[in-house]
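Since the structure comes first, as structure tokens, the remarks are kept for the end.
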Amino acid sequence: MLAFAWRQIRRQPWRFAASAGSVASSVALVLVIAGLYRGLLDALVRWPQSLPGDVVVAEAGGSATLLHVSSQVPPAVEAAVRGTPGVSRVDPLFARLAWIERDGRQAIAFLVGLGRGDVFGRPVRIVAGRKKPRLNEIIVDRVLAHDLRVDVGDALRLGDATLRVAGISSGGNALLASYAFVHRSALALAGTARPSFLFVRAAADTTPAALAARLRKVAGARVLLRAEFEASNQGLARQLLLPLIAITALIAAAVSGGVVALTLYTAAMERRADYGLLGALGVPARWIAGTVAAQALLVGVAGVGLGLASSAALVVFIPWVEPRFEAALAPGQVLAVAAGALLTAVAAARLPLRAIRRFDPAEVFRV
């Protein structure tokens with residue numbers, strides 16, 4: 001059946017190319033969007049994941065989302081957290097959102113305040129310049145540097161202050177904003193004297209869940225386990241983008257299935273006399289149906305292969321053109337999309353099969 005189906009396809013290569021191209025475009029579209037979605041989720045928590053801590057404490061009533069920070073932990077809460085049994089170490093995170101300007105171009109940044117000897121809160125990786133900012137300096141992520149077209153040594157405006165770019169980091173892109181690093185005293189001068197969050201490490205004999213339960217008894221504290229904290233920082237993206245991805249995937253699958261079904265139907269109708277002759281000669285209807293299904297499968301395999309190659313190229317090309325958009329393909333996503341595309345192509349063969357089954361072989365011999 002496969003050999004016969006392939007000979008039928010070779011008789012009309014352009015039709016085969018159109019069908020395979022439809023499947024390929026659908027596969028590439030779904031995979032690229034899914035890859036961008038996964039890359040966005042990873043980017044949102046890449047820098048927070050570099051911060052050690054089992055439990056995160058914020059001010060009661062304050063936002064637990066970094067890019068919507070409104071928390072300032074009171075001194076009494078910090079003292080109570082440090083004195084809670086089972087606490088091994090507490091690292092305060094000083095941060096605030098701010099607009100940064102360069103030659104009329106603006107960008108929003110999540111400013112992290114670093115002290116002279118601080119290790120906690122540093123950038124994930126420095127790609128240029130120094131790793132520690134001085135009082136009048138700032139370290140920006142490479143995406144922010146790209147957007148504002150700045151390099152090490154250039155000046156940025158932060159309110160009424162001018163900061164010199166001391167370094168460029170990577171791993172701090174969060175799509176809607178970027179993480180930037182300044183001296184802690186600069187944040188204090190801007191009014192941020194209290195930590196936004198406390199990252200708490202549990203002692204060896206205490207589980208994170210047990211420590212979180214104890215910390216929730218501290219008045220004025222909002223306590224989250226690390227998994228809850230990271231989910232909170234990804235929540236808005238999941239809420240807004242996941243329905244869009246689902247709708248796009250359904251539309252792409254429907255368009256792909258429709259084009260493949262229409263192409264196979266047209267081809268089957270043009271060759272229905274051939275199929276009728278085969279039926280008149282005693283070829284089983286099951287064999288004919290298998291041939292049409294084999295054609296659909298060959299279209300699906302070619303389209304999936306082309307779609308996977310295209311999506312792999314786009315995943316590399318898109319961040320190169322626009323560094324703010326990162327993409328990451330998971331093996332499970334690739335397998336699921338490839339299997340779905342093949343099933344869609346085979347399911348699309350049902351339309352021409354119904355037409356062929358209704359064809360009377362006696363019509364072949366009518367004059």
Side-chain angles (χ1 to χ4, degrees), residues 37-38 40-97 110-115 117-124 171-172 174-177 179 181 184 187-188 191-243 330 332:
Y37 174 69
R38 185 168 182 265
L40 167 62
L41 293 182
D42 291 345
L44 286 172
V45 295
R46 185 171 296 123
W47 179 76
Q49 283 178 339
S50 70
L51 306 176
D54 302 303
V55 179
V56 179
V57 178
E59 179 187 14
S63 172
T65 304
L66 288 172
L67 297 182
H68 187 235
V69 59
S70 61
S71 168
Q72 290 198 48
V73 180
V77 172
E78 182 176 359
V81 169
R82 292 184 182 275
T84 300
V87 171
S88 171
R89 181 185 175 98
V90 177
D91 290 298
L93 178 68
F94 295 82
R96 65 171 294 175
L97 287 173
F110 184 83
L111 299 180
V112 179
L114 299 177
D118 285 352
V119 176
F120 180 86
R122 286 184 181 177
V124 175
L175 188 65
L176 300 177
Y179 295 102
F181 307 86
R184 187 183 298 176
L187 285 187
T192 304
R194 297 301 308 162
S196 301
F197 302 98
L198 302 176
F199 285 74
V200 185
R201 304 186 211 183
D205 59 348
T206 305
T207 64
L211 178 59
R214 295 172 188 172
L215 292 173
R216 288 191 177 103
K217 298 178 182 179
V218 175
R222 181 181 182 184
V223 180
L224 300 94
L225 292 167
R226 281 304 296 263
E228 296 171 337
F229 178 72
E230 291 173 5
S232 176
N233 280 276
Q234 294 176 327
L236 183 60
R238 291 184 186 275
Q239 182 180 0
L240 294 178
L241 296 182
L242 193 56

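Along the sequence shown, residues carry numbers from 1.
Considering every non-hydrogen atom in both Asp118 and Gly113, the closest pair reads OD2-O, 4.4 Å. Heavy-atom minimum distance, Ala221 versus Ala60: N-CB, 3.9 Å. The two atoms that bring Ala174 and Tyr179 nearest to each other are CB-CE1, 4.1 Å, heavy atoms only. The shortest non-hydrogen separation linking Val112 to Leu187 is C-CD1, 4.1 Å. Across all their heavy atoms, Trp47 and Leu93 have their closest contact at CH2-CD1, 3.8 Å. Among all heavy-atom pairs drawn from Pro92 and Arg82, the shortest one is CD-NH2, 4.0 Å.
Contact check for Arg96 versus Ser196: no side-chain heavy atoms found under the 4.5 Å cut-off. Between Arg201 and Asp91, the closest side-chain pair of non-hydrogen atoms falls below 4.5 Å. Counting heavy atoms from C-beta on, the side chains of Val45 and Gln234 come closer than 4.5 Å. By the 4.5 Å heavy-atom criterion applied to side chains, Pro208 and Arg226 are not counted as neighbours.
The line from CG of Leu114 to CZ of Phe120 is 10.0 Å long, rounded to the nearest 0.5 Å. A distance of 11.0 Å separates CD of Glu59 from CG of Leu198, quoted to the nearest 0.5 Å. Put simply, CG on Leu51 and CZ on Arg122 are 13.0 Å apart, with the number rounded to the nearest 0.5 Å. Note that OG1 of Thr84 and CG of Leu215 are 5.0 Å apart. Values are rounded to the nearest 0.5 Å. Interatomic distance, Leu44 CG to Gln49 CD, rounded to the nearest 0.5 Å: 10.5 Å. For the atom pair CD of Glu228 and CG of Asn233, the computed distance is 12.5 Å after rounding to the nearest 0.5 Å.
With sequence neighbours left out, Ala209 forms a side-chain contact (heavy atoms from CB on, under 4.5 Å) with Thr207. Remark: Arg222 engages no residue in a side-chain hydrogen bond (donor to acceptor under 3.5 Å, both in side chains) (not counting sequence neighbours). With sequence neighbours excluded, the residues that form a side-chain contact (heavy atoms from CB on, under 4.5 Å) with Arg46 are Asp42, Ala43, Glu326. When the side-chain hydrogen bond (donor to acceptor under 3.5 Å, both in side chains) test is applied to Arg214, no partner is found at least two apart in sequence or on another chain. Every residue meeting the ring-ring contact (aromatic ring centres under 6.0 Å, His included) condition with Phe229, not counting sequence neighbours, appears here in chain and number order: Phe197, Phe199. With sequence neighbours excluded, the residues that form a side-chain contact (heavy atoms from CB on, under 4.5 Å) with Ala330 are Arg38, Gln333.
No side-chain donor-acceptor contact under 3.5 Å links Thr192 to the backbone of Ala95. In this structure, Asp54 contributes its side chain and Ala202 its backbone to a donor-acceptor pair below 3.5 Å.
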